[in-house]
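What follows is a single structure, written as structure tokens, with notes after it.
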Amino acid sequence: MKNNLKVCRAIGSLTQEELAAKVGVTRQAIIAIERGKYIPSTVLAMKIARVFGKTVEEVFTLEETD
């Protein structure tokens, strides 16, 4: 799964810490999501998208597999 979380944060002028506080996770969780090391739950993905006023699909995209 890919994401453009870092871009969304930059546009929204939010730090990793601020986003983490808004969605109820640690800053380390946000870092892991941005790096593609952690795939968020559906609920967390929806909370993150809501913070930016976007749909889940605008923040997260599924990678095509062969």
Drop me the distance from [X]'s [atom1] to [Y]'s [atom2], to the nearest 0.5 angstrom.
X	Y	atom1	atom2	result
Lys6	Asn4	NZ	CG	12.5 Å
Lys22	Ile48	NZ	CD1	13.0 Å
Glu64	Lys2	CD	NZ	10.0 Å
Glu18	Ile30	CD	CD1	11.5 Å
Leu19	Arg27	CG	CZ	12.0 Å

Using a 4.5 Å cut-off on heavy atoms from C-beta on, say whether the side chain of Val23 contacts that of Val51.
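Yes. Closest side-chain heavy atoms under 4.5 Å.
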Leu5-Met1 co-clustered via ILVMFWY side chain contacts under 4.5 Å:
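Same hydrophobic cluster.
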Hey, quick one: are Val59 and Ile31 part of the same hydrophobic cluster, counting side-chain heavy atoms closer than 4.5 Å, chains of contacts allowed?
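No, Val59 does not connect to Ile31 through the hydrophobic network.
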The test is side chain to side chain donor-acceptor pair (under 3.5 Å); show your working for Gln16 and Glu34 and say whether it passes.
CA-CA 10 Å; Gln16 291 168 335; Glu34 285 184 358; 3.0 Å; yes
Which atoms form the tightest heavy-atom contact between Phe52 and Cys8, and what is the distance?
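That would be CE2-O, 3.4 Å.
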Specify the closest pair of heavy atoms between Ile33 and Leu44, including all atoms of both residues, with the distance to one decimal.
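In this case the closest contact between Ile33 and Leu44 is CD1-CD2, 3.9 Å.
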